[in-house]
Amino acid sequence: MGFKNNNNNNNTERVYIDLEAVGYSVNNVRVVSDNLVTFTLSCRGFALYNMRLIEKKAGGYFIRVPQDKGTNGAYYNKYSVYLSEEDEKALIEDLLEVVKNV
């Protein structure tokens with residue numbers, strides 16, 4: 001039995017996680033390389049493992065979810081996490097503070 005995949009609906013509004021409301025914390029922080037840090041984003045009721053903080057070549061940072069490599073060689077996100085710009089900035093600042101102390 002197959003599932004119907006209806007990805008043609010572009011009218012849905014993106015829902016962002018409110019990090020303050022879900023009581024988030026950052027755990028299991030590991031510096032993998034000079035420009036990559038992995039961590040677990042723990043929230044009330046769920047945890048997102050193997051999240052990544054990546055330093056951009058042009059400067060600055062961004063958050064990435066874990067990915068799997070498909071049979072076609074392309075990489076696909078395991079799940080999607082939508083953060084507001086404010087929450088992403090606060091999370092990055094928290095991670096950088098933890099990395100300083102590692």
Side-chain angles (χ1 to χ4, degrees):
M1 175 180 159
F3 294 99
K4 183 177 179 183
N5 185 357
N6 186 6
N7 288 333
N8 297 331
N9 188 358
N10 294 329
N11 296 330
T12 58
E13 186 175 329
R14 185 171 284 172
V15 177
Y16 295 92
I17 294 176
D18 181 352
L19 289 181
E20 291 297 322
V22 295
Y24 82 97
S25 65
V26 174
N27 304 319
N28 306 325
V29 177
R30 278 188 353 168
V31 177
V32 178
S33 68
D34 289 341
N35 61 351
L36 174 64
V37 173
T38 62
F39 64 97
T40 298
L41 179 61
S42 298
C43 302
R44 236 177 285 129
F46 63 95
L48 303 172
Y49 297 97
N50 204 23
M51 298 281 292
R52 295 158 189 235
L53 173 66
I54 300 172
E55 185 175 8
K56 299 177 190 176
K57 290 181 183 177
Y61 299 90
F62 66 96
I63 303 292
R64 165 105 33 199
V65 297
Q67 297 178 320
D68 282 330
K69 189 173 184 178
T71 57
N72 63 353
Y75 286 88
Y76 298 95
N77 292 341
K78 287 187 173 185
Y79 48 82
S80 296
V81 176
Y82 302 112
L83 301 173
S84 69
E85 287 183 34
E86 295 166 352
D87 281 348
E88 184 173 6
K89 183 178 176 184
L91 179 58
I92 290 170
E93 289 174 2
D94 289 347
L95 283 164
L96 293 175
E97 188 64 35
V98 170
V99 168
K100 277 190 214 177
N101 298 322
V102 172

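Remember, predicted model here, so these are calculated numbers, not experimental data.
Counted within 6.0 Å of CD on E86, heavy atoms from surrounding residues, nucleotides or ligands total 12 or fewer; the atom is thus considered open. Surrounding CZ of F62 are more than 12 heavy atoms belonging to other residues, nucleotides or ligands, all under 6.0 Å away.
If you chain together hydrophobic residues whose side chains sit under 4.5 Å apart, F46 and F39 fall into the same group. Residues V22 and L83 share a hydrophobic cluster, clusters being chains of Ile/Leu/Val/Met/Phe/Trp/Tyr side chains in contact below 4.5 Å. When hydrophobic clusters are built by joining Ile, Leu, Val, Met, Phe, Trp and Tyr residues whose side-chain heavy atoms come closer than 4.5 Å, directly or via intermediates, V81 is grouped together with L19. By the criterion of side-chain heavy atoms lying less than 4.5 angstrom apart, applied directly or through intervening Ile, Leu, Val, Met, Phe, Trp or Tyr residues, L48 is not grouped with Y16; the two fall into different hydrophobic clusters. Follow the hydrophobic side-chain contacts under 4.5 Å out from I17 and you never reach Y49; the two are in separate clusters.
Nearest heavy-atom pair across Y79 and V65 is O-CG2, 3.0 Å. Across all non-hydrogen atoms, the minimal contact from Y61 to I92 is O-CD1, 3.7 Å. The two residues K78 and D68 have their closest heavy-atom pair at CE-OD1, 3.0 Å. Contact record, Y24 with C43: CB-SG, 4.0 Å, taken as the closest heavy-atom pair. Taking each heavy atom of L53 and L96 in turn, the nearest pair found is CD2-CD2, 4.0 Å.
Annotation: side chain of V37 is not in contact with side chain of V98 (no heavy-atom distance under 4.5 Å). Residues L95 and L91 have side chains in contact (heavy-atom distance under 4.5 Å, counting atoms from C-beta outward).
At distances below 3.5 Å, not a single donor-acceptor pair connects side-chain atoms of N50 with backbone N or O atoms of P66.
Note that the CE atom of M51 and the OG1 atom of T38 stand 11.0 Å from one another [nearest 0.5 Å].
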